[in-house]
Each structure stands twice: as C-alpha cells, then as structure tokens.
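Following: one structure in structure tokens, then a few remarks.
Residue numbers start from 1 in every chain, and the chains themselves are labelled A, B, ... in the order their sequence lines are given, proteins ahead of strands.
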Amino acid sequence: MPEYTYEPLEIEPKWQAVWQERHSFRTPSDPEELRAKPKFYVLDMFPYPSGAGLHVGHPEGYTATDVVARMKRMQGFNVLHPMGWDAFGLPTERSAVREGLHPAEITERNIETFRRQIQRLGFSYDWDREVNTSSPDYYRWTQWIFLKLYERGLAYMADVPVNWCPALGTVLANEEVKDGVYVETGDPVERRLMRQWMLKITEYAERLLEDLDDVDWPESVKEMQRNWIGKSHGADVQFAIDGGDETFTVFTTRPDTLFGATYCVLAPEHPLVAKITSEDQRAAVETYVSEAAQKTDLDRTDLSKEKTGVFTGAWAINPVNDDRIPIWVADYVLMGYGTGAIMAVPGHDERDHEFAREFGLPIIEVVSGSDVPIGEAAFIDNQDGVLVNSSGKDGFSIDGLKVPEAIARITAWLEERALGRGRVQYRLRDWLFSRQRYWGEPFPVVHTDDNEVAPVPEDWLPVGLPEIDQFRPTEDGRPPLARAGDDWLRVELPDGRHGTRETNTMPQWAGSCWYYLRYLDPHNEEQAWSKEAEDYWMPVDLYVGGVEHAVLHLLYARFWHKVLFDCGLVHTKEPFQRLFNQGMILAHSYRDVAGKYHHPSDVEERDGHFFSLSSGAGLETQIEKMSKSKLNVVNPDEVIAAYGADAMRLYELFMGPLEVQKPWQMKDVEGVNRFLQRVWRLVVDEKSGELNPKLSEVPSSSEPELERTLHKTIKKVSSDTETLQMNTGIAQMMIFVNEATVCPTLPRGILTTFLRLLSPYAPHLCEELWQRLGEPKLIAHAEWPSWDPDLCIDDTITVVVQVNGKKRDELQVARDADRESLERLALASEKAQKFIEGREPKRVVVVPGRLVNIVV
RNA sequence: GCCGGAGUGGCGGAAUGGUAGACGCUGGGGACUUAAAAUCCCCUGGGUGUAAACCCAUGUGGGUUCGAAUCCCACCUCCGGCACCA
C-alpha cells in the first residue's frame, strides 16, 4: 500500500490558506504597477445568494473565468477577477417572513454558505473587493445613480398600466412577465393602473440596438435583444372621424396598403372610444371595454381564441380616397404599442383577415401575386408584390409599383398633405422601476406636502432601510415601508419644505446594473468609483454567465452604462466587450411508474435497467434541469468530498463545450480524477514520498518525442483557454500525461513547463508539485510557457492514399515531402494499385502533408 | 407562426472541405497480487469472413466536389427565444 498517494483533501486547504494569507490574488491598485502591464478584466455574473446554496451549475462559469484569469496573470496581465453578491430580492424577503428573521440576517447567512462553497474551489478571486448590493455603502451609490437618472429626466412617475402580481403583492417589469405569469414563480399577473416609477429606457432604444454591432457577444443574445427592442419602420397616418372634428392616428408598417383599409380598430383603452361611440352601440361597447379591462394578460394574448370586437357606430375617412370605413373596438389591438389604433387591411394582414371574416367586413386586394383568392387568405409579400386597386383622389396612384417603392411614394404623398409621416416604432417600453417590497433600495426622493417630487440632497445618501416589525404591505395595501414610523417617513428638506419619503423600493435589477463598476474601486467612500480606476479597467474584457439574463440584466446594465457615459462618468459606450453564455448543467433523475422521484442514492442499476433499492420498483431515468423536487441536484460539496476541488474544476470543463447544455455524470469525474493521480505520480514516488526517480536534470531535447508533444500541448492549451474550448485543451493534456507516464526518463524542464500549463485548471495540485520540485515562488505567479512552432510539427508525417476518394493506404513520409515525390510514392503503393486495377489515372490530387487522391 | 441553435458509437463528446469517432466513461481480456482494490497493458460503431481483407455508417432525401459530419436545397426531430407589436 503506497503511503504517499495524491490526497486532494490535504493539499487543497493548505494552498487555499497560503493564497489567502499572502493575498496572492490581490489586484494591483498602485498607479505605477497598473501602468507597467496591460489589463484584463474577467467577470462572472455574481450570484443571488439563495437559501439552497450552490449546485454544480454555478461553478461551471466560475471555473472557466478562473482558468482564464490565472492564465492571463501568468501571461503578464494585471487581472481584475472579483466576486460579490446580488443580495436584494424577493426570495430572501419571503424567507424572512417565513422564518421570522430580518432579511439582512438571511442574506448574511446565505452569503456565508455561498462564500464558503466558492472558496473551497480555489478560485483566484480578489476577496478584498467583494461587494454586496444590499449593504448601505453599496446601495448608497445605487441611489446616487438613480439621482443622475432623475436629473436627466430619465426617471419619472406616471400612472401606467402595470403588471400586478396579487400573490406577491407587487408590480413587475415587462421583462419579468411571460404568458401572463411571473417567470420566476409562475404566479399570474393582472393589469392595473398604478402610479409608479418608470425609467425612460426607450430614449436609448436606438443606441441599445446600434451598439450591439460593436460587441463580441453570441449572435443569439444579440438577436434576442434586437427582437426585444423591436424596431420597425412605417408611418403614422391620420384618419378623420366622419361627421366630427376628431381625428386619430394609426401606426402602420405597410402604408402602401392604405387603399385596402376597409375598417379601423381602436384598443379598448383608447381615449377616443367613449367619445365617438354612437348611442345605439354604447351599451355593447361599454360591456366589451369593461370585460377587456378585467381580462388577465394571459387571456388577452391567448392566440387560439377567436377574435372578438364590437362596432362603435362611428366611421372614419380614409385619407387617400375619402372612403367611409367603420371603426371597431377590439382587444387584438394593444394600447401599449404604436398609437393604440390601427387601420385594418384584411387582404394583406392575417389578423385583420381573420377579424374581417369573423364579422363579415369587406376584403380588398391591393397587392397582387397571391396564389389563392384574397377572400381565403391574406397575402403577405413586402418585397416583390405589385400594387393594384390603388388609385385615389387628385390623380394619385401607386398601381403597378412594387411594395418598397409604393411605401416611399405614399409616405411622401401623406407628408406633403400633412396627413401622415414616416416613423420608426420600437416595441421596447419604458422600464417599470418600483416594487412594493421591503428588501430593496429605497428611492432617494421625498413627496412634498405640496404634491411635488423632490430628490434628496446627495449628502443624505444612503437613504437607509427603516427598521419595521413586519415585512408585509400594510392592511390598506401600501408598501411595507409605509409601516415605518414618522421619524423615517417624515422629513424636512434643506429648503424647508416638509414631505413623506417614497415607500416603494427599487427592483432587484438595480444593484446588478453597475456592480462591475464598483469592483473597480470598492472601498471608495467619496465616489462610486474613481476616474483613474475606470479609465484603466473598463471595459470588461470577458463576461461569463447564463443565457437567462439575455434581455433582463444585460439590457438594463447596458442602459445604465450609456446614461453614465452621457454623464461623462464612464469612457466606453458598452460595459461588456465579450460575453459568453455557459450552458446549463442537467442531471439524471429517476421516477417510478407512479411518477414519484427517487434520489440517486436509492437507485441501483442492473443490466441497463434501474431499480429502487428501498422498494425494488422499476425506475425510468431522464435528463432534466436540476431541481429540489426532482431530487437530482448535485451539490459541489459532495463532489469535493469525494474527489477534491481540482477534479471538480477539471470535470466542469471537461464535460463538453462550455456553451452547451449537458448532463452531470458522476462516474465521469472518475476519469479526470485518474488523470490528476497520474500527474501526481509523474512527480512523486508513491512508495517513498520522494521525487519520481525517472525525473532527471537532462535537457528537454533528450526526450524528443515527449518534447514535441509538450510543445503541441502548450500551443493547444494556450489557444483553447483563450477561446474557452477547455474540453479539448484538457484532452491534449491527457495525451501528454499518457505519453509522459510511459517515458523512460522525464526531463525536469518538460515537467515544470507542463505543470505551469495545468496550473490554472488544477491549481492546488500544481502548487504542491511545484513546491516539491523545489521551485521557490508560487506557480500562480510563474510565467506562462511559449511554444516553438518547429516543435509542433512531426518530422515524419502520415499521408493518406485515396483511390476515388476512398482511403486505401498510408505513407510515412518526411514532413517537407514535395508534391512530385508524394504522387510517385502514392502511385507506387501496392494497395492503391490493387484498386486502380491497371486503369490510367485521370487526375491526381496532392495535398502536401495530408493526402494523395488518385482519380481513375 | 417568426427568429436562433442542435442532431456523430452503449454514454459525454472530437474532427468546420482532406484518415470519422481524439480524450474520457462504460464493457471485455491480460499482467501484478494468496485474494481484492489500486495500478499498468491490449481490445471495445455495425456487418460479412477462419483470416487477410472488404462493405456499411455522422437525423432523412437530393445536390456541389477528386474528396462532405463539415458547403447548398428540401424535409423530419429536439432545444431555446419572441409572439394579436399592426
């Protein structure tokens, strides 16, 4: 029994303690030091410290960024690699209510768990820069940025239809609601009209769209943001109401189809509805409007339902031909988009077509080219379709034009007569920025007794959360902060006015909108960050996190950053230069016929089938998202206990490409664990504990084959780490170790070079072996190796001989063999001759270094 | 419906116009051992064959090419996003 085996549980805490004591990963802040080296800012999406602790999905991205951070440090960069906590939020507040504790206590407890779990993985974070969004010296600056938004007119209060979630007792942002329910909990959401804080993100729509072109992000995320912003080109067109002075404006992307408009529709909330409805239609319209108001978003957006609507009794005048067309009210038109009113062209819009057929309204063809009669289906072609039936008053006609030209012509015509104008419309709405919660940033504003909104002076910040006895809304439905006593609520402003503090709080997203800036200068008590630090470190060079924030955090943070840019507080237009989304880690779950889930520890495999150990029942296995209810959550603590942090880190990256979804398979951790043991044995003789006797001071070139493999490995690991293709980099290191294991002697230089390559991936093991090899410094501070291109190519290479594209033989040739000799050798090949069957080669394709293809 | 991504052994996955299945897991065989574990070595896509070999094979069907997992067209399936946005 060897006594000196690889014991990760002994060496890992040892090196973690060393790094911590020596502050080995403290980010330089001395200006001299900063100037001396280029910078690299590598950032993780900081976690929300929930009560459940980490699962193995969290450290996947953290491990990838840590490997990059460690390599960059070794390559001579000043590296900023921080970690912190996105700590305000609803789940914590709910736990606090449930457990009867203060949310701050729950937060502190959860952070301690998260920090302990993260630190056990040996990440090279600069813990001196840890931030916590719920701490007053952090949210002070969140409030300060809010004041900047307010000063610039980008924060305003308005009576708006909001997403109200009765189960949670708060409003939610559009981005947090999907299919009529809150995305996090599935609780239904209803429409309500409430006075709330809004942020004018729409003012930045164009820049948020345009600047996507300048960042190195996954195309899918850019596309999601583009869709969310939803830019469309079109025109506003004015319609007069027959027999009155009223007019209304519609927005359309297809002004060319104006001659095909056979009716108009107003949204039920449109202010004109009540005014124009005729007496005999009034009862029907009022019933329809009040029913629509009571519907949830889910009901209203249910596509499978039939179109509904009611005629107002009023008529509009089509401005191009003075036709009288009826005005309807229908809930398929949304008040929140465009003008809340549309012209309906059933011939060329599917929704209008469906509605027209439902209510027997006329359908006119104005764009030709459809295969089926226009009465059967709407015809959509905005490129090659040709206009027909489109001649109106004053001799104006767009007949015979293709759609794009027709759009230009009719838009110009409308503009000349002041009947309309070309316009760009965005789908993006302003950001609903207040919540009726306790555990969030208080707004730094006061409602004065004379009904004005007044920002508090900057030197009053932070506006701290008041101590209250219950974290629930008041009995009369006001937010929890309204429970605070007058000593908090009532204030006198410097100008002598009295008022009451805002009792809403900011949403969870506020703190994460700028945390990457606080890391630059986290202890600054005078400013949110210093200009020098911002100048040096920004932008973030690499940002890694889950794709679930594609249109939430990432859009909000870009918006704030652009505002800060306009304030002259940051110097880059975009905060995150390169973004990478890691894929979700899934896990096997086991379910019996009754649908009950069984924990993996209760599962036994026999001949490829699964059975419950406790009941003997047969089980089905499936790969699913990890969740408590499915009993398939893998905790990093158990992996570390069994294999150590280095094996855990290595497996996280070896599982497969970082960006794809993949299942955790505990058996596979065994493979990387064996690899680490083999590395250990390259250095340590397990029987004696001394250095491996095969280690020798001879030059690297005395093992030429291994030296070549080493240089190929340096090259591959360097580039695969940079591009985050770490699974193949690790595979290459395994190839090296397999070769080194069977090598009769191990030149010491080869081994120390290899350990430097492996050290970002398995830092504890490599520090230990580095020390045992007598190296005085930490390997974390060693220099990253470089490769010799000549040593990355073999002297003799294998060239494939194909006949008609099929592999028939292999040739061992010198690496610089020329075309002629390759062709001669290939034609001489016996195996190839057999398939040539004496025929004359029509053509011989020679790819030097690769293959020869003989075509007969 | 629209937009994006993906389909390769028993499993995770390599290969982005040039030897399909690197590396790892699983399974099988062998060495060492009193034995087991660990370790080390060999084999492990399917088919025909004693063998040497040969044939088939990257979701399906076509195409381009000397040569296609890779490029093009059509289709199928799965995953993700958006969705009455005028």
Glycosidic conformation of B:G9, syn or anti, with 90° from 0 as the boundary? syn
Test: A:Arg558 cationic atom under 6.0 Å from A:Trp228 six-membered ring centre, within 45° of axis: no
Cation-pi check for A:Phe355 against A:Lys307: NZ or CZ below 6.0 Å from the six-membered ring centre and within 45 degrees of the axis, yes or no? no
Side chain of A:Arg681, heavy atoms from C-beta onward: which of B:A83, B:C40, B:A86 has the nearest atom to it? B:C40
Tell me which nucleotide among B:A83, B:G12, B:A86 gets nearest to the side chain of A:Pro663. B:G12
So, does [X] use its side chain to make a donor-acceptor pair with the main chain of [Y] at under 3.5 Å?
X	Y	value
A:Lys662	A:Val660	yes
A:Asp430	A:Thr202	yes
A:His353	A:Ile374	yes

Look at all strands and tell whether [X] reaches a base, only sugar-phosphate, or nothing, counting heavy atoms closer than 4.0 Å.
X	value
A:Lys842	nothing
A:Arg808	sugar-phosphate
A:Val844	nothing
A:Thr741	nothing

Using both pair distances under 3.5 Å as the test, note the stems of at least 3 consecutive Watson-Crick or G-U pairs that include RNA chain B. B:1-7 with B:76-82, B:10-12 with B:23-25, B:27-31 with B:39-43, B:45-48 with B:53-56, B:59-63 with B:71-75
Which residue lies more 5' along RNA chain B, comparing A:Lys834 with A:Trp228 via nearest heavy atoms: A:Lys834
d(A:Leu258 CG, A:Ile407 CD1) to nearest 0.5 Å is 11.5 Å
Determine: side-chain N/O of A:Lys307 to OP1/OP2 of B:A86, distance under 4.0 Å, yes or no. no
Using 4.0 Å as the upper bound for N to carboxylate O, is an ion pair formed by A:Asp685 and A:Lys687? no
Separation of B:G5 atom P from A:Leu658 atom CG, nearest Å, is 19 Å
Assign a letter to each nucleotide of nucleotides 18-31 of chain B from its 5' end: B, base within under 4.0 Å of a protein heavy atom; S, sugar-phosphate only; -, no contact. BB--BBSSS-----
